Amino acid sequence: MPPTMRAYQIVEWGKPAQFNEIPIPRPGPGQILVKMAGAGLCHTDISILQSPAGFWPDPPFTIGHENAGRIAELGANVEGFAEGDGVLISSMYWCGHCDKCARGLHEQCRHIGLAGYGVGYDGGLAEYILIEAKHAIALGSLDPVRAAPLADAAATSYHAVKSMLPILVPGSTAVVTGVGGLGAYAVQYLATLSGTRIIALDTSQTRLNEATRLGAHEVYISDGECAEKIRDSTSGGADAVFDFVGTTPTLSTGMAALSQGGRLIVAGIGGGEIPIGWEKIAMNAGFINTRGFNLPDLNEIVSLARDDRIEMAATHFTFDDVESGLRALEDATVEGRAVVTFD
Ligand SMILES: [Zn+2]
Ligand SMILES: [Zn+2]
């Protein structure tokens, strides 16, 4: 192994990220050195790159938080993994030992904050990444390049859908608002794992066509009349609405489309607000903001991907070309996830 590697780093707020030659870290006890294979680019990366000082943990650090690769070196006391194994790396930096983590509720970890791989700690836009073994998920036969988007986008969506599966029995209806990225995964999970009828809402007919291909039964262009259309087509409202947009209009539509006992599950960070109160929403209805995912979620979506039960659409960029990938993401010209590959 060479002593140094290239890493795409943010060195100072307000300055563009840059390639730096830095030492390859060595794994200590409980740690794993992973040779990167695939790194998904995310809107959070753009928000970090454009951020003023004071919000995110301070640089310098290597960005990239949707990471997968192969184990290059194991630290002491790491069980269950071997050199060469493919691993997915959780983008959530849970502690693994608090009461919430002990119950498998890693998304609610008492010690979780903004920091993680690619945010404060060095991330995956480098030839190697040093991780804690507790954040590694075995991929088995799944190609790490294909797996990369599972570390964040696909997992957030899965966590939202899984929590509602007990009520999404045959005869029920689930609405997915915003069927790009996360929402396209939600449609697939609902189609694969539940008997619910799926209604997709989006402003783009192209994305709605794709949602139909992935399993949506009804699709509507988002407008002010969607709630009524949903209430009509479901004889009284949907059992669950998953909102991956989160603006005031989409939240209002979602809440108005709920049946009695329905749930509005919001993962979109659109910053919208709606009034909530005992008399303001459908009887027995609920509002849930969902954020993050846990270790069981990651293992489960890896299984789904390995068995070819979900599609992970991606456009690949070489590591040298990472800036083209970020630009394409910003210009919304990427098909599926933008994934940086390494050789
Ligand atoms: Zn992300
Ligand atoms: Zn914890």
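It should be emphasised that the depicted structure is a prediction, and the values quoted were computed from it without experimental measurement. Nothing fancy with the numbering, it's 1 onward along the sequence. Whatever order the structure lists ligands and atoms in, that order sets their numbers, starting from 1.
- Counting heavy atoms of neighbouring residues, nucleotides and ligands inside a 6.0 Å radius, atom CD of Glu83 exceeds 12 of them.
- Aromatic ring orientation, Tyr117 versus Tyr121: tilted (interplanar angle from 30° to 60°).
- Relative ring orientation between Phe293 and Trp94 is described as perpendicular, the plane-to-plane angle rising above 60° on a 0-90° scale split at 30° and 60°.
- At a cut-off of 2.8 Å, His43 is not counted among the residues with an N, O or S atom near the Zn ion (ligand 1).
- For the atom pair OH (Tyr128) and OG1 (Thr62), the distance works out to 14.5 Å, reported to the nearest 0.5 Å.
- Taking the N/O/S atoms of Asp152 in turn, the shortest distance to the Zn ion (ligand 1) belongs to OD2.
- Taking the Zn ion (ligand 2) as the apex, the angle formed with SG of Cys95 and SG of Cys101 is 120°, to the nearest 10 degrees.
- Between Asp321 and Ser324 the shortest heavy-atom distance is OD1-OG, 2.6 Å.
- Distance check for Cys109 against the Zn ion (ligand 2): an N/O/S atom falls below 2.8 Å.
- At a cut-off of 2.8 Å, Cys98 is counted among the residues with an N, O or S atom near the Zn ion (ligand 2).
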